[in-house]
Amino acid sequence: MLNQVYRNIVFPAFETLWKRRGTMRFWRELEQTQWSSREELDRLQFASLQELVRHTFEHCPYYTNDWNERGLHPDALRSPEDFANWPVIGRDEILQHRMKMRAQVPGMKLYFKSTGGSSGVPLHFDLDWEANDRRSAAWHRGYSWAGAGPGTKQLYVWGVALGDVPRWKQWKDYLYTRMLFRRYVLNTFDLREETIPEFFRAHNRYRPEVIVAYTNPLYQFARSLDERGWKPYSPKSIVVGAEKLHDFQRELIERVFDAPVFETYGSREFTLIGAECEKHEGLHLTHENLLVEILDDDGHQTTAGEEGNIVITDLTNYGMPFVRYANGDRAVAGWSQCSCGRGLPLLKKVVGRQLDILHTLDGRHIPGEFFPHLIKDYSAIKRFQVIQETADELSLKIIADHTWNASDEAHLRSTIESTTGDAMKLSILRVEEIPLTQAGKLQVVVNRYARTNQQTCPTT
């Protein structure tokens with residue numbers, strides 16, 4: 001009953017009457033279009049793409065100049081296949097040309113946004129007001145598949161604002177988080193072995209319907225509870241995002257909390273890119289708002305089941321268009337139809353950050369997910385981080401309990417070196433703390449060498 005009051009009265013009143021946003025209208029549209037056929041969705045998506053490209057060419061100086069130099073004009077975009085002729089851009093283009101990427105349209109109001117800077121340099125960008133409402137609507141639709149729509153009682157294991165927050169902002173955040181969205185937040189910065197009992201008591205007191213969490217902190221929480229033999233209150237569902245979810249993490253989290261896990265994939269630039277529905281057959285893409293491509297390192301479309309670089313075009317952001325933007329992530333293509341009946345295509349799997357792939361001097365490319373799969377079997381290791389400093393230097397930082405010994409370290413070293421080869425020097429460092437990012441996430445694998453040498457997705 002309370003959920004229905006929040007979803008049908010409180011939240012709509014706040015969004016539509018108080019904030020005067022179009023979120024509810026766009027959400028209703030998305031609830032309908034998700035059941036359209038794939039052919040109809042593709043047709044609508046291409047029509048939106050043509051409108052965006054024409055607007056971008058006419059109003060955004062950077063794109064106008066770049067596309068003119070390449071001999072590209074909106075009239076040449078006659079089929080989805082033609083879009084492969086348009087160039088792929090990356091962070092560097094936005095960092096250098098952001099102001100010229102803005103639409104020069106008098107009276108257009110823009111939101112200022114920025115990423116957390118996990119790649120070393122924060123990315124600042126803009127979007128128009130309607131685009132912000134449309135991406136909020138897509139977020140609510142995707143989370144609702146997991147039973148986590150507005151008004152449900154939610155426990156967030158998430159990052160919070162750092163530094164001294166003014167008292168007025170604390171009250172504003174409290175009213176917004178607790179009163180409007182019914183969220184109770186457990187700060188990932190405070191999640192340590194010694195605070196596990198406190199987190200456990202807070203969770204059981206609050207008794208959430210849904211847990212929404214960063215993947216790695218929730219896995220750490222579940223693992224600690226499992227080791228202690230403590231049984232937490234079971235929510236109806238769990239939504240994870242912001243970090244790569246591995247199968248072994250899903251299995252443990254679902255077993256400990258006795259609830260299904262729903263994976264989501266998003267970014268600050270686009271909000272929700274994809275999310276699982278109740279069938280758990282892949283990530284439904286936000287096809288109405290975003291054109292998602294998976295390209296190989298030469299810029300060509302990958303086939304189903306083939307890993308590649310994620311390239312996204314935001315079809316709704318007319319304020320500062322993202323046209324074929326390589327966000328640095330890797331995924332496995334697989335545009336199959338879900339048995340749920342939704343026409344939205346499925347992304348088979350998100351692999352992780354491109355810059356988190358390790359490169360050796362003898363030509364090996366080691367995916368970042370190698371290390372979580374390996375280290376999960378060493379129960380003494382509570383947290384870890386792998387850093388490639390140079391072309392031939394790799395360091396592994398670990399936080400381990402008292403059972404960690406020389407034999408374990410020797411075995412771990414041998415296993416890693418059999419994969420990295422003789423050309424890579426490995427250091428294993430036992431530390432007391434591994435810093436989180438400013439957003440409260442744990443970077444499991446960091447390739448500083450790749451970041452320094454700008455090993456990014458090739459542009460065409």
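For the single chain, residues carry numbers from 1 onward in sequence order.
- No donor-acceptor distance shorter than 3.5 angstrom exists from the side chain of Ser414 to the backbone of Ala410, with no hydrogens or angles considered.
- Residues Arg413 and Leu426 approach most closely at NH1-O, 2.8 Å, considering heavy atoms.
- Separating the CG atom in Asp258 from the CD1 atom in Ile238 is a distance of 9.0 Å, to the nearest 0.5 Å.
- With His284 contributing its side chain and Leu346 its backbone, the two residues share no donor-acceptor pair below 3.5 Å.
- For the salt bridge (Lys or Arg N to Asp or Glu O under 4.0 Å) criterion with Asp401, the lone passing option out of Arg430, Arg383, Lys382 is Lys382.
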Checklist entry - Under the side chain to side chain contact (heavy atoms under 4.5 Å, CB included) criterion, do Leu315 and Leu290 qualify, and how do the steps go? => result CA-CA 5 Å; Leu315 303 172; Leu290 305 171; 5.9 Å; no
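- Panel note: side chain Gln301, backbone Leu295; no donor-acceptor pair is recorded below 3.5 Å.
- For Lys236, the NZ atom is loosely surrounded, since the number of other residues' heavy atoms within 6.0 Å does not exceed 12.
- A donor-acceptor pair under 3.5 Å is absent between the side-chain atoms of Thr215 and the main chain of Val240, judged by distance alone.
- Taking the centre and axis of the six-membered ring of Trp230, the NZ or CZ atom of Arg228 falls inside the cone set by 45° and 6.0 Å.
- Between Phe257 and His203, the ring center distance clears the sub-6.0 Å criterion.
- Among Leu285, Leu272, Leu245, Leu283, the one residue that satisfies the side-chain contact (heavy atoms from CB on, under 4.5 Å) test with Tyr265 is Leu283.
- Inter-residue side-chain proximity for Tyr378 and Trp404 is flagged as met; some heavy-atom pair is nearer than 4.5 Å.
- Around the NE2 atom of His280, the shell of radius 6.0 Å holds more than 12 heavy atoms that belong to other residues, nucleotides or ligands.
- Asp314 and Asn289 share no donor-acceptor pair across their side chains, judged by distance under 3.5 Å alone.
- Glu307 has a carboxylate O that lies under 4.0 Å from a charged side-chain N of Arg330, or vice versa, which qualifies the two as a salt bridge.
- Within 6.0 Å of atom CD in Glu306, more than 12 heavy atoms from other residues, nucleotides or ligands are found, so the atom counts as buried in its surroundings.
- Between Phe221 and Phe200, the ring centre distance reaches or exceeds 6.0 Å.
- Under the 3.5 Å distance criterion, with hydrogens and angles disregarded, no donor-acceptor pair is assigned to the side chains of Asn317 and Glu269.
- Proximity of Ile375 to Leu412: side-chain heavy atoms (C-beta onward) are separated by under 4.5 Å at one or more points.
- Geometrically, Lys109 does not engage Tyr111 in a cation-pi contact defined by less than 6.0 Å to the ring centre and at most 45° from the axis.
- Atom OH of Tyr63 is separated from atom OG1 of Thr56 by 7.0 Å, given to the nearest 0.5 angstrom.
- The heavy-atom pair separating Pro87 from Arg324 by the smallest distance is O-CB, 3.5 Å.
- Considering CG of Leu110 and CE of Met320, their distance stands at 10.0 Å, rounded to 0.5 Å.
- In this structure, Arg102 and Pro61 approach most closely via the heavy-atom pair O-CD, 3.7 Å.
- In terms of heavy atoms, Pro217 sits closest to Val157 at CB-CG1, 4.1 Å.
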Item to check | Trace of the side chain to side chain contact (heavy atoms under 4.5 Å, CB included) decision for Lys425 with Leu394 | outcome: CA-CA 6 Å; Lys425 178 184 176 183; Leu394 191 68; over 6 Å; no
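- Taking the side chain as every heavy atom from C-beta outward, Gln34 and Arg141 approach each other to under 4.5 Å.
- Taking all atoms of both residues into account, the shortest heavy-atom contact from Trp158 to Ala213 is CZ3-C, 3.5 Å.
- Here the CD-CD1 distance, from Glu409 to Ile428, works out to 4.5 Å after rounding to the nearest 0.5 Å.
- Using cut-offs of 30° and 60° for the angle between ring planes, the His140 and Trp27 rings count as tilted.
- Side chains of Leu374 and Thr415 form a contact here, defined as non-hydrogen atoms less than 4.5 Å apart.
- Looking at heavy atoms from C-beta onward, Ile273 lies in side-chain contact with Ile312 at the 4.5 angstrom threshold.
- The backbone N or O of His246 sits less than 3.5 Å from a side-chain atom of Gln249, completing a donor-acceptor pair.
- Checked against Arg342 for a salt bridge (Lys or Arg N to Asp or Glu O under 4.0 Å), the options Glu278, Glu281, Glu276, Glu288 give a single hit: Glu278.
- Put simply, the side chain of Ser395 never gets that close to the backbone of Ser427: no donor and acceptor are under 3.5 Å apart.
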Item to check | side chain to side chain contact (heavy atoms under 4.5 Å, CB included) between Leu49 and Phe83, worked out | outcome: CA-CA 9 Å; Leu49 175 63; Phe83 197 44; 3.7 Å; yes
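- In this structure, the side chains of Tyr184 and Lys153 stay at 4.5 Å or more apart for every pair of heavy atoms.
- Put simply, the side chain of Thr302 gets close to the backbone of Ile294: a donor and an acceptor are under 3.5 Å apart.
- Taking 4.5 Å as the limit, every side-chain heavy atom of Val323 sits out of range of all side-chain heavy atoms of Ile89.
- A salt bridge links Arg134 with Glu130: the distance from a Lys NZ or Arg NE/NH1/NH2 to an Asp or Glu carboxylate oxygen falls below 4.0 Å.
- Counting non-hydrogen atoms of neighbouring residues, nucleotides and ligands closer than 6.0 angstrom, the NZ atom of Lys397 reaches no more than 12 such neighbours.
- There is no side-chain donor-acceptor pair under 3.5 Å between Glu198 and Thr195.
- Atom CZ of Arg70 is separated from atom CG of Asn85 by 11.0 Å, given to the nearest 0.5 angstrom.
- The minimum heavy-atom distance between Gly149 and Ser144, with the atom names listed, is CA-OG, 3.6 Å.
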Checklist entry - side chain to side chain contact (heavy atoms under 4.5 Å, CB included) between Leu155 and Val212: does it pass, once the steps are laid out? => result CA-CA 6 Å; Leu155 176 74; Val212 180; over 6 Å; no
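- Glu393 places no side-chain N or O within donor-acceptor distance of the main-chain N or O of Thr390, the cut-off being under 3.5 Å.
- Seen from the ring of Phe125, Arg98 does not count as a face-on cation partner, given the 6.0 Å and 45° thresholds.
- Between the Gln385 side chain and the Ile398 main chain, no donor and acceptor come within less than 3.5 Å of each other.
- Donor-acceptor pairing under 3.5 Å is lacking for the side chains of Arg182 and Gln154.
- Expressed to the nearest 0.5 Å, how far CD of Gln96 lies from CG of Asp92 amounts to 5.5 Å.
- Here the two rings, on Phe322 and Phe270, have centers that are under 6.0 Å apart.
- Contact of the Ile399 side chain with the Ile381 side chain is not registered, since no non-hydrogen atoms from C-beta on lie closer than 4.5 Å.
- Aromatic rings of Tyr219 and Phe248 (six-membered ring for Trp) have centroids within the 6.0 Å cut-off, being under it.
- Within 6.0 Å of NZ on Lys231 lie more than 12 heavy atoms contributed by other residues, nucleotides or ligands.
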